[in-house]
Number of protein chains: 2
Amino acid sequence: MARRTRGTSAGLDRERIAAAAVALVDRDGLERFGVRRLAEELGVDPMSIYHHIRGKAALLDAVSEAVLAEVAADAGEASSGWEEVARRTAHGYRDMAYRHPKVFPLLTTRAQTSPVALAALERLFAAMRAAGLPDQVVADAPMVLFSFLNGHLLARTGGGPDGPGPMPPLDAGAHPTMAALAPLLADFGSAAEFDRMLDVVLQGIRDRAAREETP
Amino acid sequence: MARRTRGTSAGLDRERIAAAAVALVDRDGLERFGVRRLAEELGVDPMSIYHHIRGKAALLDAVSEAVLAEVAADAGEASSGWEEVARRTAHGYRDMAYRHPKVFPLLTTRAQTSPVALAALERLFAAMRAAGLPDQVVADAPMVLFSFLNGHLLARTGGGPDGPGPMPPLDAGAHPTMAALAPLLADFGSAAEFDRMLDVVLQGIRDRAAREETP
DNA sequence: CCTTTTAAATCTACGTCGTAGGTTTCGCTC
DNA sequence: GAGCGAAACCTACGACGTAGATTTAAAAGG
(Lines give C-alpha, C1' and ligand atoms only; values in the text may rest on other atoms or scores of the structure.)
Protein backbone atom coordinates (compact mmCIF):
# COMPACT_ATOMS: atom_id res chain seq x y z
CA MET A 1 0.00 0.00 0.00
CA ALA A 2 3.04 2.25 -0.19
CA ARG A 3 1.73 5.39 -1.88
CA ARG A 4 4.02 7.01 -4.33
CA THR A 5 5.03 10.60 -3.70
CA ARG A 6 3.76 13.14 -6.19
CA GLY A 7 5.67 13.56 -9.40
CA THR A 8 7.33 10.15 -9.51
CA SER A 9 6.33 8.16 -12.53
CA ALA A 10 4.03 5.22 -12.04
CA GLY A 11 4.76 3.97 -15.54
CA LEU A 12 1.19 4.50 -16.63
CA ASP A 13 0.24 4.59 -20.25
CA ARG A 14 -2.86 3.86 -22.27
CA GLU A 15 -1.81 0.29 -23.01
CA ARG A 16 -1.01 -0.71 -19.45
CA ILE A 17 -4.22 0.86 -18.21
CA ALA A 18 -6.29 -0.94 -20.83
CA ALA A 19 -4.70 -4.29 -19.99
CA ALA A 20 -5.42 -3.84 -16.29
CA ALA A 21 -8.97 -2.77 -17.08
CA VAL A 22 -9.58 -5.88 -19.15
CA ALA A 23 -8.25 -8.05 -16.34
CA LEU A 24 -10.43 -6.25 -13.82
CA VAL A 25 -13.60 -6.63 -15.88
CA ASP A 26 -12.74 -10.29 -16.52
CA ARG A 27 -12.48 -10.84 -12.79
CA ASP A 28 -15.23 -8.68 -11.28
CA GLY A 29 -17.59 -7.94 -14.14
CA LEU A 30 -18.80 -4.73 -15.73
CA GLU A 31 -21.08 -3.72 -12.86
CA ARG A 32 -18.29 -3.61 -10.33
CA PHE A 33 -15.88 -1.97 -12.72
CA GLY A 34 -14.97 1.65 -12.06
CA VAL A 35 -12.19 4.17 -12.20
CA ARG A 36 -11.48 3.97 -8.49
CA ARG A 37 -11.25 0.20 -8.40
CA LEU A 38 -9.00 0.20 -11.44
CA ALA A 39 -6.77 2.78 -9.81
CA GLU A 40 -6.44 0.68 -6.68
CA GLU A 41 -5.56 -2.32 -8.84
CA LEU A 42 -2.79 -0.28 -10.45
CA GLY A 43 -1.59 1.08 -7.12
CA VAL A 44 -2.35 4.58 -8.23
CA ASP A 45 -4.55 7.56 -7.46
CA PRO A 46 -7.86 7.50 -9.36
CA MET A 47 -7.20 10.84 -10.97
CA SER A 48 -3.89 9.70 -12.43
CA ILE A 49 -5.81 7.66 -14.94
CA TYR A 50 -7.43 10.76 -16.33
CA HIS A 51 -4.06 11.97 -17.60
CA HIS A 52 -4.05 9.11 -20.11
CA ILE A 53 -7.74 8.43 -20.76
CA ARG A 54 -10.48 11.02 -20.95
CA GLY A 55 -13.04 9.40 -18.68
CA LYS A 56 -14.95 6.23 -17.97
CA ALA A 57 -16.52 6.03 -21.41
CA ALA A 58 -13.12 6.26 -23.11
CA LEU A 59 -11.84 3.66 -20.67
CA LEU A 60 -14.51 1.23 -21.84
CA ASP A 61 -13.66 2.07 -25.43
CA ALA A 62 -10.07 1.10 -24.70
CA VAL A 63 -11.21 -2.15 -23.11
CA SER A 64 -13.30 -3.20 -26.10
CA GLU A 65 -10.54 -2.20 -28.49
CA ALA A 66 -8.06 -4.31 -26.55
CA VAL A 67 -10.10 -7.50 -26.65
CA LEU A 68 -10.99 -6.97 -30.30
CA ALA A 69 -7.30 -6.75 -31.11
CA GLU A 70 -6.86 -10.28 -29.80
CA VAL A 71 -9.03 -11.69 -32.55
CA ALA A 72 -7.26 -10.08 -35.46
CA ALA A 73 -4.11 -12.17 -35.12
CA ASP A 74 -5.18 -15.47 -36.72
CA ALA A 75 -6.40 -14.31 -40.09
CA GLY A 76 -5.23 -17.38 -41.99
CA GLU A 77 -3.90 -17.53 -45.54
CA ALA A 78 -5.65 -15.45 -48.15
CA SER A 79 -6.16 -18.22 -50.67
CA SER A 80 -9.33 -19.56 -49.05
CA GLY A 81 -12.93 -19.37 -50.20
CA TRP A 82 -15.32 -16.94 -48.58
CA GLU A 83 -16.89 -19.63 -46.43
CA GLU A 84 -13.56 -20.56 -44.97
CA VAL A 85 -12.82 -16.91 -44.22
CA ALA A 86 -16.24 -16.47 -42.63
CA ARG A 87 -15.88 -19.59 -40.53
CA ARG A 88 -12.41 -18.65 -39.31
CA THR A 89 -13.55 -15.14 -38.47
CA ALA A 90 -16.55 -16.49 -36.60
CA HIS A 91 -14.49 -18.97 -34.62
CA GLY A 92 -11.88 -16.39 -33.70
CA TYR A 93 -14.59 -14.02 -32.59
CA ARG A 94 -16.31 -16.73 -30.54
CA ASP A 95 -13.09 -17.74 -28.84
CA MET A 96 -12.49 -14.15 -27.84
CA ALA A 97 -16.02 -13.90 -26.45
CA TYR A 98 -15.51 -16.99 -24.31
CA ARG A 99 -12.14 -15.70 -23.17
CA HIS A 100 -13.73 -12.44 -22.00
CA PRO A 101 -17.41 -13.15 -21.35
CA LYS A 102 -17.82 -10.18 -19.02
CA VAL A 103 -16.29 -7.80 -21.55
CA PHE A 104 -18.21 -9.04 -24.54
CA PRO A 105 -21.44 -7.07 -24.04
CA LEU A 106 -19.42 -3.91 -24.56
CA LEU A 107 -18.65 -4.92 -28.14
CA THR A 108 -22.29 -5.41 -29.05
CA THR A 109 -23.30 -2.01 -27.72
CA ARG A 110 -20.56 0.21 -29.07
CA ALA A 111 -20.23 0.88 -32.78
CA GLN A 112 -17.13 -0.91 -34.00
CA THR A 113 -15.12 1.51 -36.07
CA SER A 114 -11.63 0.67 -34.87
CA PRO A 115 -9.04 -0.25 -37.49
CA VAL A 116 -8.95 -3.92 -36.50
CA ALA A 117 -12.73 -4.24 -36.76
CA LEU A 118 -12.82 -2.53 -40.14
CA ALA A 119 -9.96 -4.68 -41.40
CA ALA A 120 -11.79 -7.89 -40.45
CA LEU A 121 -14.94 -6.65 -42.19
CA GLU A 122 -12.99 -5.70 -45.28
CA ARG A 123 -11.47 -9.18 -45.45
CA LEU A 124 -14.93 -10.71 -45.39
CA PHE A 125 -16.37 -8.36 -47.98
CA ALA A 126 -13.39 -8.89 -50.25
CA ALA A 127 -13.48 -12.68 -50.03
CA MET A 128 -17.16 -12.74 -50.93
CA ARG A 129 -16.78 -10.34 -53.78
CA ALA A 130 -13.81 -12.29 -55.14
CA ALA A 131 -16.02 -15.39 -55.14
CA GLY A 132 -18.42 -13.61 -57.46
CA LEU A 133 -21.38 -13.25 -55.09
CA PRO A 134 -23.93 -10.59 -56.14
CA ASP A 135 -23.17 -7.17 -54.70
CA GLN A 136 -26.34 -6.92 -52.64
CA VAL A 137 -25.59 -10.27 -51.00
CA VAL A 138 -22.00 -9.27 -50.33
CA ALA A 139 -23.20 -6.04 -48.75
CA ASP A 140 -25.68 -7.82 -46.48
CA ALA A 141 -23.90 -11.02 -45.53
CA PRO A 142 -21.24 -9.77 -43.11
CA MET A 143 -23.86 -7.71 -41.27
CA VAL A 144 -26.10 -10.74 -40.95
CA LEU A 145 -23.18 -12.84 -39.78
CA PHE A 146 -22.06 -10.40 -37.09
CA SER A 147 -25.61 -9.74 -35.98
CA PHE A 148 -26.01 -13.46 -35.42
CA LEU A 149 -22.64 -13.75 -33.70
CA ASN A 150 -23.32 -10.85 -31.37
CA GLY A 151 -26.78 -12.07 -30.45
CA HIS A 152 -25.73 -15.66 -30.00
CA LEU A 153 -22.60 -14.97 -27.98
CA LEU A 154 -24.43 -12.44 -25.85
CA ALA A 155 -26.92 -15.14 -24.89
CA ARG A 156 -24.23 -17.77 -24.26
CA THR A 157 -21.86 -15.61 -22.28
CA GLY A 158 -24.77 -14.28 -20.29
CA GLY A 159 -24.06 -10.60 -20.63
CA GLY A 160 -25.06 -10.01 -17.06
CA PRO A 161 -22.88 -10.34 -14.00
CA ASP A 162 -23.29 -14.06 -13.37
CA GLY A 163 -23.37 -15.90 -16.65
CA PRO A 164 -26.35 -17.40 -18.44
CA GLY A 165 -27.84 -18.90 -15.33
CA PRO A 166 -29.30 -22.39 -15.28
CA MET A 167 -32.33 -22.96 -17.46
CA PRO A 168 -35.37 -22.82 -15.21
CA PRO A 169 -37.54 -25.93 -15.17
CA LEU A 170 -40.12 -25.31 -17.88
CA ASP A 171 -43.75 -26.19 -17.53
CA ALA A 172 -44.35 -29.17 -19.84
CA GLY A 173 -48.08 -28.53 -19.83
CA ALA A 174 -47.86 -24.95 -21.00
CA HIS A 175 -45.02 -25.56 -23.48
CA PRO A 176 -45.39 -29.06 -24.87
CA THR A 177 -43.21 -28.58 -27.95
CA MET A 178 -40.30 -27.16 -25.99
CA ALA A 179 -40.64 -29.96 -23.49
CA ALA A 180 -40.54 -32.54 -26.26
CA LEU A 181 -37.43 -30.96 -27.72
CA ALA A 182 -35.70 -30.53 -24.36
CA PRO A 183 -33.01 -33.15 -25.05
CA LEU A 184 -32.01 -31.34 -28.23
CA LEU A 185 -31.96 -27.98 -26.46
CA ALA A 186 -29.59 -29.27 -23.83
CA ASP A 187 -26.26 -28.63 -25.56
CA PHE A 188 -26.66 -24.92 -24.89
CA GLY A 189 -23.31 -23.22 -25.41
CA SER A 190 -21.48 -26.22 -26.85
CA ALA A 191 -19.09 -25.99 -29.77
CA ALA A 192 -21.31 -28.31 -31.79
CA GLU A 193 -24.32 -26.06 -31.28
CA PHE A 194 -22.32 -23.04 -32.41
CA ASP A 195 -21.18 -24.75 -35.59
CA ARG A 196 -24.68 -25.99 -36.39
CA MET A 197 -26.17 -22.53 -36.06
CA LEU A 198 -23.31 -20.89 -37.93
CA ASP A 199 -23.98 -23.34 -40.76
CA VAL A 200 -27.60 -22.27 -40.90
CA VAL A 201 -26.55 -18.66 -41.41
CA LEU A 202 -23.88 -19.50 -44.00
CA GLN A 203 -26.35 -21.75 -45.77
CA GLY A 204 -28.75 -18.83 -46.02
CA ILE A 205 -26.08 -16.61 -47.54
CA ARG A 206 -25.02 -19.30 -50.03
CA ASP A 207 -28.58 -19.95 -51.08
CA ARG A 208 -29.43 -16.30 -51.37
CA ALA A 209 -26.43 -15.83 -53.63
CA ALA A 210 -27.43 -18.72 -55.88
CA ARG A 211 -30.95 -17.34 -56.11
CA GLU A 212 -29.88 -13.82 -57.11
CA GLU A 213 -27.26 -14.91 -59.62
CA THR A 214 -29.91 -16.57 -61.80
CA PRO A 215 -33.08 -14.54 -61.40
CA MET B 1 -43.65 19.46 -5.70
CA ALA B 2 -46.24 19.06 -2.94
CA ARG B 3 -44.82 16.32 -0.74
CA ARG B 4 -47.29 13.89 0.60
CA THR B 5 -47.45 13.40 4.36
CA ARG B 6 -46.33 10.03 5.62
CA GLY B 7 -48.80 7.20 5.53
CA THR B 8 -51.06 8.56 2.80
CA SER B 9 -51.18 6.33 -0.23
CA ALA B 10 -49.38 7.46 -3.37
CA GLY B 11 -51.16 4.83 -5.44
CA LEU B 12 -47.92 3.05 -6.18
CA ASP B 13 -47.89 -0.49 -7.45
CA ARG B 14 -45.57 -2.61 -9.57
CA GLU B 15 -47.38 -1.83 -12.78
CA ARG B 16 -47.46 1.95 -12.39
CA ILE B 17 -43.81 1.99 -11.38
CA ALA B 18 -42.81 -0.13 -14.36
CA ALA B 19 -44.73 2.10 -16.78
CA ALA B 20 -43.06 5.22 -15.41
CA ALA B 21 -39.68 3.51 -15.56
CA VAL B 22 -40.17 2.61 -19.22
CA ALA B 23 -41.13 6.19 -20.01
CA LEU B 24 -38.11 7.50 -18.13
CA VAL B 25 -35.66 5.20 -19.91
CA ASP B 26 -37.29 6.05 -23.24
CA ARG B 27 -36.71 9.71 -22.55
CA ASP B 28 -33.35 9.88 -20.78
CA GLY B 29 -31.66 6.57 -21.58
CA LEU B 30 -30.32 3.76 -19.43
CA GLU B 31 -27.28 5.65 -18.20
CA ARG B 32 -29.28 8.43 -16.62
CA PHE B 33 -31.90 6.06 -15.24
CA GLY B 34 -31.96 5.54 -11.50
CA VAL B 35 -34.18 5.01 -8.52
CA ARG B 36 -34.00 8.60 -7.38
CA ARG B 37 -34.86 10.07 -10.76
CA LEU B 38 -37.75 7.65 -11.12
CA ALA B 39 -39.02 8.61 -7.70
CA GLU B 40 -38.95 12.28 -8.58
CA GLU B 41 -40.86 11.50 -11.78
CA LEU B 42 -43.51 9.76 -9.70
CA GLY B 43 -43.59 12.55 -7.12
CA VAL B 44 -42.52 10.16 -4.43
CA ASP B 45 -39.68 9.43 -2.01
CA PRO B 46 -37.02 7.14 -3.50
CA MET B 47 -37.43 4.61 -0.73
CA SER B 48 -41.14 4.22 -1.38
CA ILE B 49 -40.30 2.32 -4.53
CA TYR B 50 -38.50 -0.33 -2.53
CA HIS B 51 -41.80 -1.39 -0.96
CA HIS B 52 -42.94 -2.67 -4.33
CA ILE B 53 -39.72 -3.63 -6.08
CA ARG B 54 -36.66 -5.16 -4.47
CA GLY B 55 -33.97 -2.94 -5.93
CA LYS B 56 -32.56 -1.48 -9.11
CA ALA B 57 -31.96 -4.85 -10.76
CA ALA B 58 -35.56 -5.93 -10.17
CA LEU B 59 -36.66 -2.56 -11.50
CA LEU B 60 -34.84 -3.22 -14.75
CA ASP B 61 -36.39 -6.68 -14.87
CA ALA B 62 -39.81 -5.06 -14.62
CA VAL B 63 -38.91 -2.64 -17.40
CA SER B 64 -37.86 -5.37 -19.80
CA GLU B 65 -40.89 -7.46 -18.94
CA ALA B 66 -43.16 -4.49 -19.65
CA VAL B 67 -41.80 -3.81 -23.12
CA LEU B 68 -41.75 -7.51 -23.97
CA ALA B 69 -45.44 -7.70 -23.10
CA GLU B 70 -46.18 -5.15 -25.83
CA VAL B 71 -45.04 -7.54 -28.51
CA ALA B 72 -47.16 -10.50 -27.45
CA ALA B 73 -50.44 -8.88 -28.48
CA ASP B 74 -50.39 -9.34 -32.25
CA ALA B 75 -49.88 -13.09 -32.52
CA GLY B 76 -52.02 -13.54 -35.61
CA GLU B 77 -54.20 -16.50 -36.51
CA ALA B 78 -52.81 -19.94 -35.85
CA SER B 79 -53.49 -21.35 -39.30
CA SER B 80 -50.30 -19.94 -40.84
CA GLY B 81 -47.15 -21.70 -41.94
CA TRP B 82 -44.03 -21.49 -39.83
CA GLU B 83 -42.47 -18.85 -42.04
CA GLU B 84 -45.44 -16.59 -41.60
CA VAL B 85 -45.31 -17.07 -37.84
CA ALA B 86 -41.58 -16.37 -37.82
CA ARG B 87 -41.94 -13.28 -39.93
CA ARG B 88 -44.76 -11.88 -37.82
CA THR B 89 -42.84 -12.55 -34.64
CA ALA B 90 -39.76 -10.88 -36.05
CA HIS B 91 -41.67 -7.82 -37.22
CA GLY B 92 -43.46 -7.43 -33.91
CA TYR B 93 -40.17 -7.73 -32.07
CA ARG B 94 -38.51 -5.20 -34.34
CA ASP B 95 -41.33 -2.71 -33.96
CA MET B 96 -41.02 -2.97 -30.21
CA ALA B 97 -37.27 -2.39 -30.43
CA TYR B 98 -37.76 0.76 -32.48
CA ARG B 99 -40.46 1.95 -30.11
CA HIS B 100 -38.08 1.59 -27.15
CA PRO B 101 -34.54 1.81 -28.52
CA LYS B 102 -33.06 2.83 -25.18
CA VAL B 103 -34.71 -0.08 -23.40
CA PHE B 104 -33.85 -2.74 -25.95
CA PRO B 105 -30.29 -3.53 -24.78
CA LEU B 106 -31.80 -4.79 -21.54
CA LEU B 107 -33.60 -7.58 -23.36
CA THR B 108 -30.44 -8.88 -24.99
CA THR B 109 -28.54 -9.02 -21.73
CA ARG B 110 -31.09 -10.58 -19.42
CA ALA B 111 -32.21 -14.17 -19.86
CA GLN B 112 -35.78 -14.13 -21.12
CA THR B 113 -37.77 -16.56 -19.02
CA SER B 114 -40.94 -14.53 -18.55
CA PRO B 115 -44.22 -16.19 -19.53
CA VAL B 116 -44.72 -13.95 -22.56
CA ALA B 117 -41.24 -14.73 -23.89
CA LEU B 118 -41.70 -18.46 -23.40
CA ALA B 119 -45.13 -18.35 -25.04
CA ALA B 120 -43.71 -16.66 -28.15
CA LEU B 121 -40.94 -19.23 -28.34
CA GLU B 122 -43.39 -22.09 -27.93
CA ARG B 123 -45.51 -20.72 -30.79
CA LEU B 124 -42.47 -20.73 -33.05
CA PHE B 125 -41.34 -24.21 -32.04
CA ALA B 126 -44.86 -25.57 -32.48
CA ALA B 127 -45.38 -24.02 -35.92
CA MET B 128 -42.12 -25.47 -37.18
CA ARG B 129 -42.77 -28.88 -35.76
CA ALA B 130 -46.28 -28.91 -37.21
CA ALA B 131 -44.75 -28.20 -40.61
CA GLY B 132 -42.73 -31.37 -40.29
CA LEU B 133 -39.25 -29.85 -39.99
CA PRO B 134 -36.62 -32.21 -38.54
CA ASP B 135 -36.36 -31.99 -34.74
CA GLN B 136 -32.78 -30.74 -34.69
CA VAL B 137 -33.68 -27.92 -37.06
CA VAL B 138 -36.76 -27.04 -35.02
CA ALA B 139 -34.64 -26.94 -31.89
CA ASP B 140 -32.01 -24.65 -33.44
CA ALA B 141 -34.04 -22.34 -35.64
CA PRO B 142 -35.74 -20.09 -33.06
CA MET B 143 -32.43 -19.60 -31.29
CA VAL B 144 -30.76 -18.62 -34.54
CA LEU B 145 -33.61 -16.27 -35.36
CA PHE B 146 -33.56 -14.48 -32.03
CA SER B 147 -29.79 -14.31 -31.97
CA PHE B 148 -29.93 -12.54 -35.31
CA LEU B 149 -32.76 -10.27 -34.18
CA ASN B 150 -31.01 -9.27 -30.98
CA GLY B 151 -27.70 -8.62 -32.68
CA HIS B 152 -29.22 -6.74 -35.58
CA LEU B 153 -31.56 -4.58 -33.55
CA LEU B 154 -28.85 -3.84 -31.03
CA ALA B 155 -26.71 -2.44 -33.82
CA ARG B 156 -29.56 -0.46 -35.38
CA THR B 157 -30.98 1.00 -32.18
CA GLY B 158 -27.46 1.86 -31.10
CA GLY B 159 -27.59 0.35 -27.65
CA GLY B 160 -25.64 3.23 -26.25
CA PRO B 161 -26.99 6.55 -25.05
CA ASP B 162 -27.13 8.39 -28.36
CA GLY B 163 -28.18 6.04 -31.10
CA PRO B 164 -26.04 4.41 -33.76
CA GLY B 165 -24.05 7.50 -34.55
CA PRO B 166 -23.23 8.53 -38.10
CA MET B 167 -21.00 6.18 -40.06
CA PRO B 168 -17.50 7.67 -40.01
CA PRO B 169 -16.00 8.40 -43.40
CA LEU B 170 -14.11 5.24 -44.30
CA ASP B 171 -10.72 5.24 -45.94
CA ALA B 172 -11.27 4.07 -49.51
CA GLY B 173 -7.61 3.19 -49.88
CA ALA B 174 -7.49 0.89 -46.90
CA HIS B 175 -10.92 -0.67 -47.50
CA PRO B 176 -11.55 -0.77 -51.24
CA THR B 177 -14.32 -3.36 -51.18
CA MET B 178 -16.33 -1.56 -48.56
CA ALA B 179 -15.88 1.68 -50.43
CA ALA B 180 -17.14 0.07 -53.63
CA LEU B 181 -20.21 -1.28 -51.84
CA ALA B 182 -20.92 1.95 -49.99
CA PRO B 183 -24.11 2.74 -51.93
CA LEU B 184 -25.55 -0.64 -51.00
CA LEU B 185 -24.55 -0.22 -47.36
CA ALA B 186 -26.37 3.08 -47.14
CA ASP B 187 -29.85 1.86 -46.24
CA PHE B 188 -28.67 1.09 -42.73
CA GLY B 189 -31.70 0.60 -40.51
CA SER B 190 -34.33 0.66 -43.24
CA ALA B 191 -37.30 -1.68 -43.30
CA ALA B 192 -36.11 -3.10 -46.62
CA GLU B 193 -32.72 -3.96 -45.15
CA PHE B 194 -34.37 -5.72 -42.23
CA ASP B 195 -36.56 -7.83 -44.50
CA ARG B 196 -33.66 -8.74 -46.75
CA MET B 197 -31.55 -9.94 -43.86
CA LEU B 198 -34.45 -11.72 -42.22
CA ASP B 199 -34.96 -13.55 -45.50
CA VAL B 200 -31.35 -14.71 -45.47
CA VAL B 201 -31.86 -16.29 -42.05
CA LEU B 202 -35.20 -17.88 -42.95
CA GLN B 203 -33.68 -19.16 -46.17
CA GLY B 204 -30.96 -20.84 -44.19
CA ILE B 205 -33.49 -22.57 -41.96
CA ARG B 206 -35.59 -23.68 -44.91
CA ASP B 207 -32.59 -25.06 -46.73
CA ARG B 208 -31.21 -26.78 -43.70
CA ALA B 209 -34.55 -28.49 -43.18
CA ALA B 210 -34.68 -29.70 -46.77
CA ARG B 211 -31.14 -31.05 -46.47
CA GLU B 212 -31.80 -33.02 -43.30
CA GLU B 213 -35.15 -34.42 -44.36
CA THR B 214 -33.50 -36.35 -47.19
CA PRO B 215 -30.05 -37.36 -46.00
C1' DC C 1 25.88 23.13 -12.52
C1' DC C 2 22.00 25.82 -11.74
C1' DT C 3 17.53 27.50 -13.31
C1' DT C 4 13.23 27.08 -15.70
C1' DT C 5 9.74 24.45 -17.77
C1' DT C 6 6.76 20.63 -18.26
C1' DA C 7 4.20 16.70 -17.49
C1' DA C 8 2.82 13.14 -14.32
C1' DA C 9 0.72 12.07 -10.22
C1' DT C 10 -1.73 13.32 -6.09
C1' DC C 11 -5.02 15.73 -2.99
C1' DT C 12 -9.39 17.92 -2.05
C1' DA C 13 -14.00 18.48 -2.82
C1' DC C 14 -18.75 18.29 -4.86
C1' DG C 15 -22.80 16.25 -6.38
C1' DT C 16 -25.05 11.88 -7.28
C1' DC C 17 -26.03 7.19 -6.65
C1' DG C 18 -28.12 2.66 -4.33
C1' DT C 19 -29.98 1.29 -0.25
C1' DA C 20 -30.00 -0.19 5.03
C1' DG C 21 -32.47 1.04 9.17
C1' DG C 22 -35.62 3.60 11.78
C1' DT C 23 -39.86 6.55 12.18
C1' DT C 24 -44.28 8.40 11.15
C1' DT C 25 -48.95 8.23 9.76
C1' DC C 26 -53.24 6.39 7.55
C1' DG C 27 -57.02 3.18 7.30
C1' DC C 28 -58.68 -1.05 8.85
C1' DT C 29 -60.61 -4.46 12.14
C1' DC C 30 -62.11 -5.73 16.87
C1' DG D 1 -61.41 4.06 20.21
C1' DA D 2 -57.46 0.96 20.76
C1' DG D 3 -54.39 -1.76 18.36
C1' DC D 4 -52.22 -3.18 14.16
C1' DG D 5 -50.20 -3.76 9.63
C1' DA D 6 -48.82 -1.53 5.65
C1' DA D 7 -47.29 2.30 3.03
C1' DA D 8 -44.61 6.13 2.79
C1' DC D 9 -41.02 9.09 4.42
C1' DC D 10 -36.45 10.67 6.70
C1' DT D 11 -31.68 10.09 7.78
C1' DA D 12 -27.35 8.40 6.90
C1' DC D 13 -23.45 5.82 4.83
C1' DG D 14 -20.23 4.37 1.61
C1' DA D 15 -18.98 4.41 -3.22
C1' DC D 16 -18.96 6.59 -7.55
C1' DG D 17 -17.24 9.97 -11.61
C1' DT D 18 -14.66 13.87 -12.14
C1' DA D 19 -13.49 19.21 -11.95
C1' DG D 20 -9.79 22.06 -10.09
C1' DA D 21 -5.75 23.14 -7.61
C1' DT D 22 -1.25 21.49 -5.95
C1' DT D 23 3.04 19.08 -5.59
C1' DT D 24 7.23 17.15 -7.36
C1' DA D 25 10.60 14.60 -10.25
C1' DA D 26 12.69 14.74 -14.43
C1' DA D 27 13.79 17.15 -19.00
C1' DA D 28 15.40 21.43 -21.34
C1' DG D 29 18.06 25.61 -21.67
C1' DG D 30 21.70 28.53 -20.39
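Letters A, B, ... are given to chains in the order of the sequence lines, protein chains preceding strands, and every chain is numbered from 1. In what follows, every heavy atom counts, from backbone to side chain, and hydrogens, waters and symmetry copies are set aside.
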Take atom [atom1] of [X] and atom [atom2] of [N], then tell me their distance rounded to the nearest Å.
X	N	atom1	atom2	answer
Glu31(A)	dC16(D)	CD	C1'	14 Å
Leu12(A)	dA9(C)	CG	P	5 Å
Leu59(B)	dC17(C)	CG	P	14 Å
Arg14(B)	dA6(D)	CZ	C1'	19 Å
Leu24(A)	dC16(D)	CG	P	11 Å
Leu60(A)	dG17(D)	CG	C1'	12 Å
Glu40(B)	dG15(C)	CD	P	16 Å
Arg16(A)	dA8(C)	CZ	C1'	14 Å

Quiz item: Looking at Phe148(B) versus His152(B), is the centre-to-centre ring distance below 6.0 Å?
Solution: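 Yes - the distance between ring centres of Phe148(B) and His152(B) falls below the 6.0 Å cut-off.
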
Self-check item: Contacts of Arg54(A) that satisfy side-chain contact (heavy atoms from CB on, under 4.5 Å) - sequence neighbours left out
Solution: Ala58(A)

Quiz item: With distance as the sole criterion, is a donor-acceptor pair present between the side chains of Asp195(B) and His91(B) under 3.5 Å?
Solution: yes

Do [X] and [Y] make a side-chain contact, defined as non-hydrogen atoms from C-beta onward lying under 4.5 Å apart?
X	Y	result
His100(A)	Val22(A)	yes
Arg208(A)	Asp199(B)	yes
Leu145(A)	Thr89(A)	no

Quiz item: Met47(B) has a side chain; which of dG18(C), dT18(D), dA20(C) sits nearest to it?
Solution: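 Between dG18(C), dT18(D), dA20(C), the one nearest the side chain of Met47(B) would be dA20(C).
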
Practice problem: Check every atom of dC9(D), dG17(D), dC17(C) against the side chain of Arg36(B) and return the nucleotide holding the closest atom. | Solution: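 Per side-chain heavy atoms of Arg36(B), the pick is dC17(C).
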
Exercise. Quick one: label Arg32(B) by what it contacts on the DNA or RNA (base, sugar-phosphate, nothing), any heavy atom closer than 4.0 Å.
Key: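 Counting heavy atoms under 4.0 Å across all strands, no contact is made by Arg32(B).
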
Quiz item: What residues in residues 48-58 of chain B put a non-hydrogen atom under 4.0 Å from any atom of DNA chain D?
Solution: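 DNA chain D contact set from residues 48-58 of chain B: Ser48(B), His51(B), His52(B).
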
Quiz item: Salt bridge or not for Arg36(B) and Glu41(B), using N-O below 4.0 Å?
Solution: no

Self-check item: First of Arg37(A) and Pro46(B) reached from the 5' end of DNA chain D, by closest nucleotide
Solution: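 Residue closer to the 5' terminus by nearest nucleotide: Pro46(B).
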
